[in-house]
Peer 1: 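First the structure, which I've put down as structure tokens, then a few questions once you've had a look.
Throughout, a chain's letter reflects where its sequence line sits, starting with A, and its residues are numbered from 1.
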There are 2 protein chains.
Amino acid sequence: MITGPIKNLIREFRKLPGVGEKTAMRLAMHVLGAPRQNAKALADALIEVKEKIRPCSACFSMTEGDICEICASPRRNRALICVVEDQAGLMSVENSGTFFGLYHVLWGRLSPIDGIGPEDIKVGELVKRVAAGGVEEVILATNPSVDGEATALYIKKALSPQGVRVTRIARGIPVGGDLEYADALTLGRALEGRSPY
Amino acid sequence: MITGPIKNLIREFRKLPGVGEKTAMRLAMHVLGAPRQNAKALADALIEVKEKIRPCSACFSMTEGDICEICASPRRNRALICVVEDQAGLMSVENSGTFFGLYHVLWGRLSPIDGIGPEDIKVGELVKRVAAGGVEEVILATNPSVDGEATALYIKKALSPQGVRVTRIARGIPVGGDLEYADALTLGRALEGRSPY
């Protein structure tokens with residue numbers, strides 16, 4: 001019933017994050033019924049993004065030119081670098097409206113299980129960037145997951161010979177959250193990271 | 001920050017069913033970080049599906065040839081036609097493994113709010129198909145939504161001059177469901193559709 005091209009499309013949809021077998025099937029069924037120009041427009045947008053968008057030569061965030069808007073901005077604090085795992089992390093920090101330094105996108109996190117080592121992510125580039133001087137603080141904003149923590153620890157060690165200040169974003173109870181529903185690890189971190197009041 | 005091609009990709013992702021602003025952004029961010037060949041493979045799969053897959057000339061389900069596998073099968077009961085809204089509906093009925101007749105895919109449902117009338121879906125084709133003879137029963141398996149019910153009613157009226165038996169799939173409590181959590185409409189339908197026991 002599900003012939004070659006449809007099976008193929010389902011398989012490609014499944015590679016997207018958060019898309020399982022059922023969702024992939026649903027998306028493929030939608031494409032079958034949708035106008036041809038819609039499928040064409042999505043296909044073109046995918047190709048165009050990969051053709052026109054490249055990593056910024058300074059921070060590796062994705063941009064149309066050689067240098068991204070943030071790195072090019074004269075209003076950014078160049079002494080402050082926020083290290084994120086990917087573009088989504090960068091967007092989240094940027095959307096919080098509370099950070100005015102520069103970024104460094106690692107494009108991944110250390111994960112021995114998946115065979116991802118330091119040479120697979122932009123750690124060496126970060127060390128070089130800090131070595132070039134002018135950086136006072138590196139904020140590690142990798143995810144508070146096992147891999148994210150391991151990555152943060154690795155970067156801290158890699159930067160230690162340079163004497164730059166290295167900080168880690170706070171882990172604790174989300175604003176509006178409830179202690180009752182917080183897991184023990186988070187609550188532990190919230191206590192550990194308490195501040196004078 | 002989000003430049004032309006990325007904005008474009010987000011907009012195209014948003015057109016997929018169940019994809020809102022946040023998911024579209026997440027998918028686009030994933031594409032930015034994924035290998036170029038993955039984006040290319042998805043784009044190619046989208047184009048290929050629209051190029052190779054066409055509606056079956058008998059039942060309008062999507063297929064690679066002129067006639068779909070089901071319509072071409074000699075083991076199917078040709079006197080029984082199950083009417084569904086789209087390919088997903090057909091797949092659901094087919095996957096239940098309880099139907100051995102033919103299908104008719106409407107490719108939509110009547111929806112005055114969206115300006116979708118009978119001429120926009122394959123109703124006329126169904127009437128013609130039944131008029132050609134050999135059909136004993138038409139099972140209306142449009143969704144039990146407002147639009148799906150309106151569509152079923154419209155088809156019933158359109159087929160009435162032909163004297164063919166028209167039935168509607170049962171609406172009731174899902175198997176494994178719980179009366180306590182059933183809404184009043186569903187429970188009402190379940191009572192209305194009760195059968196001798």
Side-chain angles (χ1 to χ4, degrees), chain A residues 1-13 15-19 23 25-53 55 61-65 68-70 85-92 94-95 105 107-108, chain B residues 1-13 15-19 23 25-53 55 61-65 68-70 85-92 94-95 105 107-108:
Chain A
M1 262 285 302
I2 299 183
T3 51
I6 305 180
K7 204 175 248 169
N8 204 14
L9 182 60
I10 292 172
R11 201 187 54 226
E12 293 305 327
F13 271 133
K15 291 182 187 162
L16 295 175
V19 177
T23 306
M25 168 81 89
R26 197 166 159 239
L27 292 175
M29 292 301 132
H30 168 84
V31 170
L32 284 181
R36 176 184 294 245
Q37 64 262 36
N38 284 24
K40 180 80 167 55
L42 176 53
D44 289 347
L46 283 161
I47 299 289
E48 200 197 3
V49 148
K50 293 313 257 187
E51 266 172 9
K52 292 205 182 152
I53 307 289
S61 81
M62 287 296 173
T63 181
E64 265 194 278
C68 76
E69 259 182 67
I70 294 173
E85 291 181 18
D86 49 30
Q87 194 81 11
L90 184 154
M91 294 293 306
S92 300
E94 193 61 11
N95 287 338
V105 185
W107 289 110
Chain B
M1 261 286 300
I2 298 182
T3 51
I6 304 179
K7 203 175 250 170
N8 203 15
L9 182 59
I10 292 172
R11 200 188 54 226
E12 294 305 326
F13 271 134
K15 292 183 189 163
L16 296 174
V19 176
T23 306
M25 167 82 88
R26 196 165 159 240
L27 292 174
M29 292 301 132
H30 168 84
V31 170
L32 283 181
R36 176 185 294 248
Q37 63 262 36
N38 284 24
K40 180 80 167 58
L42 176 53
D44 289 347
L46 283 161
I47 299 289
E48 200 196 3
V49 148
K50 293 313 258 187
E51 266 172 9
K52 292 204 183 153
I53 306 290
S61 82
M62 287 297 173
T63 182
E64 265 193 279
C68 77
E69 259 183 67
I70 294 172
E85 291 181 18
D86 48 30
Q87 195 81 10
L90 185 155
M91 295 292 306
S92 300
E94 193 61 12
N95 287 339
V105 184
W107 288 111

Peer 1: Please identify, among B:S61, B:G18, B:A34, the residue contributing the most non-hydrogen atom pairs under 4.5 Å to chain A.
Peer 2: B:A34
Peer 1: Could you tell me which portion of A:L42 (side chain, backbone, both or neither) has an atom closer than 4.5 angstrom to a non-hydrogen atom of chain B?
Peer 2: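 For A:L42, the contact with chain B is made by backbone and side chain together.
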Peer 1: Taking atom OG1 of B:T23 and atom NE2 of B:H30, what is their separation to the nearest 0.5 Å?
Peer 2: 13.5 Å
Peer 1: Name the member of B:L16, B:I10, B:V105, B:D86 that forms the most heavy-atom pairs with chain A at distances under 4.5 Å.
Peer 2: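 Ranked by heavy-atom pairs under 4.5 Å with chain A, first place is B:L16.
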Peer 1: I'd like to know if the side chain of A:K50 reaches the main chain of B:V31, judged simply by a donor and an acceptor atom lying under 3.5 Å from each other, with no hydrogens or angles considered.
Peer 2: yes
Peer 1: Just wondering, do A:L90 and B:M29 contact through their side chains at under 4.5 Å, heavy atoms?
Peer 2: no
Peer 1: Go through A:I53, A:I47, A:N8 and name the one with the most non-hydrogen pairs under 4.5 angstrom from chain B.
Peer 2: A:I53
Peer 1: Let me know if B:L32 has heavy atoms under 4.5 Å from chain A in its side chain, its backbone, both or neither.
Peer 2: both
Peer 1: If you count heavy-atom pairs within less than 4.5 Å of chain A, which of B:L27, B:T63, B:V19 leads?
Peer 2: B:L27
Peer 1: Of all of A:R26, A:R11, A:E51, A:K15, which one pairs up most often with chain B through heavy atoms under 4.5 Å apart?
Peer 2: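 Of the options given, most contacts go to A:R26.
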Peer 1: Quick check on the interface: out of A:P17, A:A41, A:G33, A:G4, who has the most heavy-atom pairs with chain B under 4.5 Å?
Peer 2: A:P17
Peer 1: By side-chain hydrogen bond (donor to acceptor under 3.5 Å, both in side chains), which residues pair with B:R36, not counting sequence neighbours?
Peer 2: none
Peer 1: So, the side chain of B:Q87 versus the backbone of B:M62: is there a donor-acceptor pair under 3.5 Å, distance only?
Peer 2: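 Yes: the side chain of B:Q87 pairs with the backbone of B:M62.
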Peer 1: Which value, rounded to the nearest 0.5 Å, describes the distance between A:I6 atom CD1 and B:E64 atom CD?
Peer 2: 7.5 Å
Peer 1: Of the backbone (N, CA, C, O) and the side chain (C-beta and beyond), which part of A:N38 lies under 4.5 Å from a heavy atom of chain B, both, or neither?
Peer 2: both
Peer 1: Partners of A:K40 by salt bridge (Lys or Arg N to Asp or Glu O under 4.0 Å), sequence neighbours excluded?
Peer 2: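 Testing A:K40 for salt bridge (Lys or Arg N to Asp or Glu O under 4.0 Å), a comparison that skips the adjacent residues, returns A:D44.
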